[in-house]
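Below is one structure, written out as structure tokens; the observations come after it.
By convention in this document, chain letters (A, B, ...) are assigned in the order of the sequence lines, proteins followed by strands, and residues within each chain are numbered from 1. Computed from a prediction, not measured in an experiment: that's the story for all the values here.
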There are 2 protein chains.
Amino acid sequence: MAVTPYSQIGNARPLLRQEVIERIKGYILDNRLKPGDPLPTEAELCAALGASRSSVREAVKTLAALDIVEVRHGHGTYVGRLSLSALVEGLTFRGLLSPEDDFRVLSDLVDVRELFERGMVDRIIASLDPARLDTLDLVVDEMHTRISEGLDIVDADRRFHALLVEPLANELIRQLSSACWDVYAIVAPHLNVITTKDEQDTVSAHRAMVSAVRGGDPQAFEDAVRAHYAPVRRRIAEAQGRVHGTAH
Amino acid sequence: MAVTPYSQIGNARPLLRQEVIERIKGYILDNRLKPGDPLPTEAELCAALGASRSSVREAVKTLAALDIVEVRHGHGTYVGRLSLSALVEGLTFRGLLSPEDDFRVLSDLVDVRELFERGMVDRIIASLDPARLDTLDLVVDEMHTRISEGLDIVDADRRFHALLVEPLANELIRQLSSACWDVYAIVAPHLNVITTKDEQDTVSAHRAMVSAVRGGDPQAFEDAVRAHYAPVRRRIAEAQGRVHGTAH
DNA sequence: ACTTATTTGTTCGTATGTATG
DNA sequence: TCATACATACGAACAAATAAG
């Protein structure tokens, strides 16, 4: 009796799959691999870890969901980009599910986006060189042109804010800010939040932000940021009002 | 010829597993399920989605990594808590791997934590009622007591900052702040960053923050927050210096 | 264009561990 | 103790994508 259940693996066996996950992570850490570096094939991992292909595959799928690992069909498995894609997926799903009030999630996202820009005023002003400021001007000009042509400015808007936090030398803030943008762009349309209105106001607000940075005026920048996000919040409130007005 | 490859599934076939993932998410959304609600068993999902057990299991593992789904061995599959656990796992791994300078990740985390508190000054002051302020005092007293007993204040410190952002009515900021704390607490010790030093200064800074909120003084609060995080950054710099000093 | 080899994707059957009653 | 329902794990076989000859 006391038949050893599965295979090797010492004594503690709190889910073989979890064990495999940890050992793959350990492999990457021990060998100091970088994103894009190749990992052993499934067959090699099975042999090395003494686990079946199913267990290895399930472990790899978990790591792929976290972007710690990236799998290419018919090609191989590689170290992932370590992006925040999992955060985007998770928050997006939360926004689409939203148990009670569907709009809390959206305004939370806007809070964070505004916070990153308002809270980093000093560093933004200090780090934005003339070349970047000129690029920001070009993006705002592009917005103006597109509006007069009846086109949307979603992409330009996105690039503007990315350029703003990019020179902060804080990768985490850059990616979190970008993630909030992604989630908002996916969730808002599903909740019928108009994202293409008051666009002239949006352009003006952007111009005010650039000129505040040029003038090195933190207070003016903060005011411009607030002025930029105020209409966004109003649109969320309007969509919320429509829902409460029409449906129960 | 033109043999239909797998089974049902119409024309586009971008990985059956991905299809299963989307349909499970759709099932949760369509039925407006809440965290904790039971999902169909693996066998039922196989039948309903026309996929094998392996495909369903791999899809479920991906969703479990995002906390969209939660699996209990021998019990069943349920809707997950939609927490930011994936963010914590991903950032922690990034911090442990850190290709170039290992300490950038830590200072990025501190930036975000400070940002949340500094940037929300007005709302923190507006939302902290007397009862919560008293609780904050108690936590600071606990820190003081523990230090004189030679104990660490990690847990109390964590609770203090959680209490600070809790009444903000912004679930996202609350969870992001908490996630940054989690990641820092895991990664810092691995990089030999001392987390238990200057503890008297830390207590003083906390007391200053509470009293600034009590006095309704935004500027004093901001100053206190900066004073609180300055020594944290210094410890990171010291650890970095030790590495550059001893090893190459 | 056609093979061949490698690697991941998918399926199925079987057996085991876990929780509930 | 037993039975049931469920997730976990294994292994072999075949399908599909990719790269190289």
Does any pair with a residue in residues 76-93 of chain A pass salt bridge (charged side-chain N to carboxylate O under 4.0 Å, His left out), and if so which ones, sequence neighbours excluded?
A:E89-B:K25

Provide the full list of salt bridge (charged side-chain N to carboxylate O under 4.0 Å, His left out) pairs with a residue in residues 172-190 of chain A, sequence neighbours left out, each pair given once.
A:R158-A:D182, A:E171-A:R174

Can you give me the N/O atom pairs linking the protein to nucleotides 3-8 of chain C at distances under 3.5 Å, or say none if there are none?
unit_1: C:dT8; atom_1: OP1; unit_2: A:T77; atom_2: OG1; d: 3.2
unit_1: C:dT8; atom_1: OP2; unit_2: A:E42; atom_2: N; d: 3.1
unit_1: C:dT8; atom_1: O4'; unit_2: A:G74; atom_2: N; d: 3.4
unit_1: C:dT8; atom_1: O2; unit_2: A:H73; atom_2: NE2; d: 3.1

Restricting to side chain to side chain contact (heavy atoms under 4.5 Å, CB included), what partner residues turn up for A:H75, sequence neighbours left out?
A:R72, A:Y78

Whole angstrom is fine here: how far is it from CD in B:E58 over to C1' in C:dC12?
14 Å

Between D:dA9 atom C1' and A:L49 atom CG, what is the distance in whole Å?
15 Å

Tell me: CG of B:L45 to C1' of C:dT10, nearest whole Å?
17 Å

When you measure from the centre of the six-membered ring of B:Y184, is the NZ or CZ of B:R113 closer than 6.0 Å and no more than 45° off the axis?
yes

What is the distance from CD of B:Q18 to P of D:dA17, rounded to the nearest Å?
15 Å

With A:S83 via side chain to side chain donor-acceptor pair (under 3.5 Å) - residues at least two apart:
A:D67, A:S85

For B:H73, check side chain to side chain donor-acceptor pair (under 3.5 Å) against everything at least two apart and list the hits.
none

Would you say D:dC10 has OP1 or OP2 under 4.0 Å from some side-chain N or O of A:S55?
yes

